[in-house]
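Keep in mind that the numbers below use all heavy atoms, side chains included, and drop hydrogens, waters and symmetry copies.
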Amino acid sequence: MTHFPDAPLLATALIVVQTGILIIGGLITYFSYKAYRRTGESSLYALTLGFGIITFGAIIAGALDIVLNVNLVKGVLVDSVLTLIGFAIIMYSLYVE
């Protein structure tokens, strides 16, 4: 990881945190999807989509940084844009009936 040449502990911490986001975000997405399937409520579908996009953003940011060696700022920007979109969808899911 070229962004952390002098701090391998930081690189490891980043990977651990991104993995935690993937696991917890994936579980939230899964459980909200199960709730949608059980109830058929469109708001739960939107909630699932919002959390899925946020989780996907974290995965993409990590992949851009680690696998493709894209500039860290660009990876964070992609993650932030997807987080913004996901939060907007979650807000919509809480508003719609």
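Heavy-atom contacts from other residues, nucleotides or ligands closer than 6.0 Å to CD1 of Ile24 number 12 or fewer.
Between Ala61 and Asp79 the shortest heavy-atom distance is CB-CB, 3.5 Å.
There is no path of hydrophobic side-chain contacts, each under 4.5 Å, that joins Ile21 to Val76. Grouping the Ile, Leu, Val, Met, Phe, Trp and Tyr side chains by contacts below 4.5 angstrom, directly or via other members, places Ile53 apart from Met91. Val81 and Leu49 fall within a single hydrophobic cluster, where Ile, Leu, Val, Met, Phe, Trp and Tyr are joined by side-chain heavy atoms under 4.5 Å apart, directly or via other members. The same ILVMFWY cluster, assembled from side-chain heavy atoms under 4.5 Å apart, contains both Leu77 and Leu68. Cluster membership for Phe87 and Tyr45, using ILVMFWY side-chain heavy atoms within less than 4.5 angstrom, is shared.
Between Ile90 atom CD1 and Ser43 atom OG the span is 12.5 Å, to the nearest 0.5 Å. Summarising the geometry, atom CD1 belonging to Ile89 is positioned 12.0 Å from atom CG belonging to Leu94; distances are rounded to the nearest 0.5 Å.
Between the side chain of Gln18 and the main chain of Ile59, no donor-acceptor pair closer than 3.5 Å is present.
The shortest side-chain heavy-atom distance between Leu22 and Thr55 falls under the 4.5 Å cut-off.
When the side-chain hydrogen bond (donor to acceptor under 3.5 Å, both in side chains) test is applied to Ser93, no partner is found at least two apart in sequence or on another chain. Residues satisfying the ring-ring contact (aromatic ring centres under 6.0 Å, His included) test with Phe56, not counting sequence neighbours, are none.
Results of the side chain to side chain contact (heavy atoms under 4.5 Å, CB included) test with Tyr33 over Leu47, Leu44, Thr48 single out Thr48 as the only residue that passes.
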